Undergrad: 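The structure follows.
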Amino acid sequence: MQVLRGMVDILPAEARRWQWIEAVFRETASRFGYGEIRTPLLEHAELYERSVGDTTDIVQKEMYVFDDRGGRTVALRPEGTAGVVRAFVEHKLYGRETLPLKLFYMGPMFRYERPQSGRQRQFHQFGVEALGSDDPFLDAEIISLAWFFLQSIGLDTVELHLGSIGCPGCRLRYRERLIRHLLPHRDELCEDCRRRLDTNPLRILDCKIDGDKPFVRSAPTILDDLCDDCKTHFTQVQTALDALGVPYTIDPHLARGLDYYTKTVFEFIDTRIGAKSTVLAGGRYNGLVKELGGPDLPGIGFAAGVERLMLLLEKKAVPSGAAAAFDVVVSGFGTGQDVAWKLLFALREAGVRAEWSFDQKKLKAVLRDADRAGARYVVLVGDDETVRGEVTLKDLKSGEQTTFSQETLVERLKTLLS
RNA sequence: GCGGCCGUGGCGAAGUGGUUAACGCACCGGAUUGUGGCUCCGGCAUUCGAGGGUUCAAGUCCCUUCGGUCGCCCCA
């Protein structure tokens, strides 16, 4: 048997790194005033069809959908925002909590894709959502939180791309203008882009084949078509970021792939991991709460791909935090076994990280293993010690060893290790 | 979903169709019967991702399948 395709085991050595990066994210989120929310991994498939958009690739070809035993059509969550907004609406949090309600989450997401590095079928995201405010300072807060988090874990090579895709009105106007611009050149487009002209003309702008063609480069950008409200909002976000010294580049071609985005969109990109270079991305979704049956409240958030962050960190030799699992190894042999066994537990009760020497190894092996594991001390109780009511304590670092009464062991070790 | 490359012990890696599948690291044992790190000596793949086929002979060739990886699509 082996793991399912696209699924990955996180082994102990790797898990330590995960704990570290999760701790940094939790700390960052809480410092910015975001509280944790945990939502189910399984939801009605319809939730994603309505939020992410039923024409998107995520819904059309990447969702893990199946009927449960009760005949409900359910899906493993492909992203985090929909579930959070669903919970917000379902529990009417907009009536109970001060707005904006600021939330973070972390956990596995599922997309049925062809795996490659930085892309798995089960992957993990750190995410943040703020619901109930359209204040541009909130956009800037979220972006600065993302930036600060990436700085905190040592990723200083990522670039922030910032854009706005306006409100539905702006987008409609722009779409028509873009099609008008590109239509005369239809025959010069690649096969994919001729299709995109009808389905998603915005994508033509960053097509690998057509993106550099003169008539594409001269295409109007959505930033020119923003309405006054969207334009002002976007300017204010920039001003707020400038004030903090958060560096960004305006990217008029940023087109998020999920249907729910409005106004501000942003992406943190690192070019060192090949084609899949986006490590964190997000934006506003002012229509989503209403779309899911709630009041007409705005929202904004982002999600970061943990595996992609890890990939980048590997190339950077990160603080591994490979601390020893324990400080003391206790070994009893001969008549000393029972005493040693009780001492081990007493040490643990007293807060000492102590380990038993399993499998009746020879003293030589006990010391070798303790040394390898990074333990500082070894407690030995053999026949000699037992008759005198003593224990032998060996300091692996200095090589020195002393013998003293069993009763004083716990106190001595606590002192030595403090 | 489409296309390219790859798959040999715990890890890295040699191996032009021919006998017992190099080597390095790691690991285990001994030299040292209650004392680690160093050194020396010895051990460690009935088997080459799995299944089938071609052949007198297959890790080496063919097919299928599973997995990884890279690119496309798309995305975190």
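In this text the structure is predicted, and so the values were computed from the model without any measurement. Order of the sequence lines sets the chain letters (A, B, ...), proteins ahead of strands, with each chain counted from 1.
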Undergrad: Across all strands, who's sitting opposite B:A50 as a Watson-Crick or G-U wobble pair, both distances under 3.5 Å?
TA: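 B:U64 is the nucleotide pairing with B:A50.
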Undergrad: Does B:G68 have OP1 or OP2 under 4.0 Å away from a side-chain N or O of A:R5?
TA: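 For B:G68, OP1 or OP2 has a side-chain N or O of A:R5 closer than 4.0 Å.
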Undergrad: Ring centroid separation for A:F149 and A:F25, is it under 6.0 angstrom?
TA: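 Yes; A:F25 has its ring centre under 6.0 Å from that of A:F149.
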Undergrad: Across the strands shown, which category fits A:D384 at heavy-atom distances under 4.0 angstrom: base, sugar-phosphate, nothing?
TA: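 Counting heavy atoms under 4.0 Å across all strands, the contact made by A:D384 includes a base.
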Undergrad: Please pick, from B:A76, B:C74, B:G36, the nucleotide with the shortest atom-to-atom distance to any side-chain atom of A:R111.
TA: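 So the side chain of A:R111 is nearest to B:A76.
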Undergrad: Heavy atoms only, 4.0 Å cut-off, all strands: where does A:G399 land among base, sugar-phosphate and nothing?
TA: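 Counting heavy atoms under 4.0 Å across all strands, the contact made by A:G399 includes a base.
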Undergrad: What heavy-atom pair brings A:I300 and A:R284 nearest, and what distance separates the two atoms?
TA: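 Residues A:I300 and A:R284, closest heavy atoms: CB-CG, 3.8 Å.
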Undergrad: Reckon A:G6 touches a base, only the sugar-phosphate, or nothing at all at heavy-atom distances under 4.0 Å?
TA: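 Sugar-phosphate: the residue A:G6, judged by heavy atoms under 4.0 Å, touches backbone atoms but no base.
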Undergrad: Could you tell me whether A:K394 contacts a base, only the sugar-phosphate backbone, or nothing, with contacts defined as non-hydrogen atoms closer than 4.0 Å?
TA: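 The residue A:K394 makes base contact.
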Undergrad: Between A:F110 and A:F123, does the ring centre distance come in under 6.0 Å?
TA: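 Not close enough - the centres of the two rings lie 6.0 Å or further apart.
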Undergrad: Ignoring hydrogens and geometry beyond distance, is the side chain of A:Q60 in donor-acceptor contact with the base of B:G1 at under 3.5 Å?
TA: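 Per atom types, no contact qualifies.
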Undergrad: Counting Watson-Crick and G-U wobble pairs only, both distances under 3.5 Å, name the nucleotide matched with B:G3, or none.
TA: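 Here B:G3 is engaged in a pair, and the nucleotide opposite it is B:C70.
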Undergrad: Indicate, yes or no, whether a donor-acceptor pair under 3.5 Å links the base of B:C73 to the side chain of A:R114.
TA: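 No, no donor-acceptor pair under 3.5 Å.
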Undergrad: Quick check: on RNA chain B, is the nucleotide nearest A:L367 upstream (toward 5') of the one nearest A:F268, or the reverse? Name the residue that is more 5'.
TA: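 The residue mapped nearer the 5' terminus is A:L367.
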Undergrad: Look at A:Q116 and B:G71 and indicate whether a side-chain polar atom (N or O) is within less than 4.0 Å of OP1 or OP2.
TA: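 Result: yes.
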Undergrad: With both distances kept under 3.5 Å, what pairs with B:A58, Watson-Crick or G-U wobble?
TA: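 Base partner found: none.
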Undergrad: Please report the distance, rounded to the nearest Å, between NZ in A:K61 and P in B:C75.
TA: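 In whole Å, B:C75 P and A:K61 NZ are 10 Å from each other.
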Undergrad: On RNA chain B, nearest-nucleotide positions of A:M7 versus A:A303: which is more 5'?
TA: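 This one resolves to A:M7.
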